[in-house]
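Structure first, then comments.
We count ligands from 1, going down the list as the structure has it; atoms in each ligand are counted the same way. The figures that follow rest on heavy atoms only: side chains count, while hydrogens, waters and symmetry mates do not.
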Amino acid sequence: MKCAGGARMGWRCYERMLMPPVQSTLKLNDGHEIPCIGFGTGQLNEATNRALGEAIVAGYRLIDTASRYRNEERVGSTVRDAAVPREALSITTKVWPDRFGFDRTLRAFDESLARLRLDSVEYYLLHWPAPWLDLYVESWRALIRLRDEGRVKSIGVANFDAEQIQRLADETGIPPAINQVELHTHFQQTALRTFHAQHGIATVAWSPLGRGRYLGDPTLVALAKEHGKTPAQVVLRWHYQSGVVAIPKSAKPERIRANIDIFDFVLDADDMAAIGAFDDPDGRIGADPDSFPR
Ligand code: NDP
């Protein structure tokens, strides 16, 4: 295969071909970075290898998995077979609360790496706070140990509220670098995002497309038409311009490609305000961290 310049295709050239036109990163409060968009692998099950393979070719460099998704083996094998080197990819995995506690979390991490067949991951998160166990601070100390040992680059949480994050910072001196929460056009988490911004915590949006349920809204359809994009692309661009890392999931190649093709248009202030107006404090569609997973 030849590059545009006629030279035989080397890695750099191939990488350029695989990269989307623009893909920036957000700086984390520990000095590392996170790509502004990622690929969610929850619920992909047997489709994981094929869909994630498509995603990597489409240009996704952040991959979201969890022990709970029972697909870490598949994620690891796809990463090993990928046409991009391991160091070009950033992997998030998470510990489920049934493995909370200092030693148990360390063991859960070892098991995740064994399933992934990797030596380290970029991001390791506590999956839910499960406050009724009162073990998340102990588990957080385990994540700090893993980070200090260099087995994880950055550590974070998912589904934590401001008070729980404050407790981690107060009791250990180390705030999370990331909080991954439900966030979409109809549940915008404005107060939590303000708290994150004050503490340099990156907001990662799960269910960034609201699981597809609002994509037929006439305002989104009109914005999409105006920009020559799809409603999903408009929503993902809104996340990007809001400084939120979105991790959309799709099993369909066309959607996988389209969902990262968001770097060639800009929403203006009126567009952003029109989407901002969808916010509904009761708009949660996923599980409530106050009671899940009991
Ligand atoms: P999403 O908002 O990403 O929506 C996924 C749904 O939207 C799927 O049904 C998909 O269908 C559909 N879809 C994807 N792209 C398009 C498109 N362009 N147009 C129309 N429909 C589309 O929700 P998820 O709940 O899947 O969240 C994404 C990721 O977040 C998960 O995969 C997981 O990695 C993570 N997550 C984390 C949680 C946590 O507690 N930390 C909780 C839940 C999720 P199809 O596949 O058929 O394209």
Considering residues at least two apart in sequence or located in another chain, which fulfil the salt bridge (charged side-chain N to carboxylate O under 4.0 Å, His left out) criterion with Arg167? Asp134, Glu171
Side chain, backbone, both or neither: which part of Asn159 has a heavy atom under 4.0 Å from ligand 1? side chain
At what distance is the nearest protein heavy atom to atom 33 (C) of ligand 1, and which residue and atom is it? Tyr69 OH, 3.4 Å
Run the numbers for me: atoms of ligand 1, each under 4.0 Å from some heavy atom of His127, listed by number. 39 (C), 40 (O), 41 (N)
for atom 10 (C) of ligand 1, nearest protein heavy atom and its distance come out as Lys249 O, 3.6 Å
Would you mind telling me if ligand 1 is within reach of the side chain of Thr41, the backbone, both or neither, using heavy atoms under 4.0 Å? backbone
Under 3.5 Å between some N or O of ligand 1 and some N or O of Pro248? no
For residues Ser250 and Asn259, is any side-chain donor paired with an opposing acceptor at under 3.5 Å? no
Check each of Arg255, Arg68, Gln43 against atom 17 (C) of ligand 1 and report the one with the nearest heavy atom. Arg255
Stepwise, does the salt bridge (Lys or Arg N to Asp or Glu O under 4.0 Å) test hold for Lys153 with Asp30? CA-CA 9 Å; Lys153 242 188 204 165; Asp30 59 8; over 6 Å; no
By the side chain to side chain donor-acceptor pair (under 3.5 Å) test, which pairs, at least two apart or in different chains, include something from residues 119-131? Arg86-Glu122
So the atoms of ligand 1 within less than 4.0 Å of a heavy atom of Leu215 turn out to be 19 (N), 20 (C), 21 (N)
Proximal candidate to atom 47 (O) of ligand 1 [heavy atom criterion; set Glu182, Lys252, Gln233]: Lys252
Test Arg74 against Glu46 for salt bridge (Lys or Arg N to Asp or Glu O under 4.0 Å), laying out the working first. CA-CA 8 Å; Arg74 290 189 164 102; Glu46 314 82 58; 5.4 Å; no
Given the rule in the side-chain hydrogen bond (donor to acceptor under 3.5 Å, both in side chains) test, do His32 and Ser154 qualify, once you have shown the distances and angles that lead to the verdict? CA-CA 7 Å; His32 294 298; Ser154 297; 4.9 Å; no
Are Glu182 and His184 linked by a side-chain donor-acceptor pair shorter than 3.5 Å? yes
Check each atom of ligand 1 against the heavy atoms of Gly210 and keep those under 4.0 Å away; list them by number with element. 2 (O)
How does Ala258 reach ligand 1, by side chain, by backbone, by both or by neither, if only non-hydrogen atoms under 4.0 Å count? neither
Which ligand 1 atoms does Ile247 reach within 4.0 Å, using its non-hydrogen atoms? 28 (C), 29 (C), 30 (O), 35 (C)
Ranking Ala47, Ala51, Ser250 by closest non-hydrogen atom to atom 48 (O) of ligand 1, top hit is Ser250
Element-labelled atoms of ligand 1 that are located less than 4.0 Å from some non-hydrogen atom of Asp64: 33 (C), 34 (O), 35 (C)
Proximal candidate to atom 39 (C) of ligand 1 [heavy atom criterion; set Phe39, Trp96, Trp128, Trp206]: Trp206
Do the side-chain N and O atoms of Tyr240 and Ser24 include a donor-acceptor pair separated by under 3.5 angstrom? yes
Looking at Gly42, Ala246, Ala205, the heavy atom closest to atom 32 (O) of ligand 1 belongs to Gly42
So the atoms of ligand 1 within less than 4.0 Å of a heavy atom of Gln180 turn out to be 37 (C), 38 (C), 39 (C), 41 (N)
Polar proximity ligand 1 side, Leu209 side, N/O cut 3.5 Å exclusive: yes
Show the numbers, then the answer: is there a salt bridge (Lys or Arg N to Asp or Glu O under 4.0 Å) between Lys249 and Asp64? CA-CA 9 Å; Lys249 168 260 168 188; Asp64 186 75; over 6 Å; no
How close do Pro248 and Ile37 get, counting heavy atoms only, and between which atoms? CD-CG1, 4.2 Å
Which of the ligand 1 atoms, numbered from 1, are nearer than 4.0 Å to a heavy atom of Gly40: 29 (C), 32 (O), 34 (O)
With a 3.5 Å distance limit and no angle check, can you tell me whether Ser207 reaches the backbone of Gly210 through a side-chain donor-acceptor pair? no
Where does Asn259 meet ligand 1, judged by heavy-atom distances below 4.0 Å: at the side chain, the backbone, both, or neither? side chain
Please classify the Ser207 to ligand 1 contact at 4.0 Å (heavy-atom distances, strictly less than): side chain, backbone, both or neither. both
Contacting atoms of ligand 1, where contact means under 4.0 angstrom from a heavy atom of Ala251: 45 (P), 46 (O), 48 (O)
Heavy atoms only: give me the nearest Ile201-Asn179 pair and the separation to one decimal. CG2-N, 3.6 Å
Are Arg237 and Phe265 in a cation-pi setup, meaning NZ or CZ lies under 6.0 angstrom from the ring centre and within 45 degrees of the ring axis? yes
Please write down residue, atom name and distance for the protein heavy atom closest to atom 7 (O) of ligand 1. Arg211 C, 3.8 Å
How far apart are the C-alpha atoms of Asn29 and His199, what are their side-chain angles, what is the distance that settles it, and do they pass the side-chain hydrogen bond (donor to acceptor under 3.5 Å, both in side chains) test? CA-CA 8 Å; Asn29 59 14; His199 295 79; over 6 Å; no
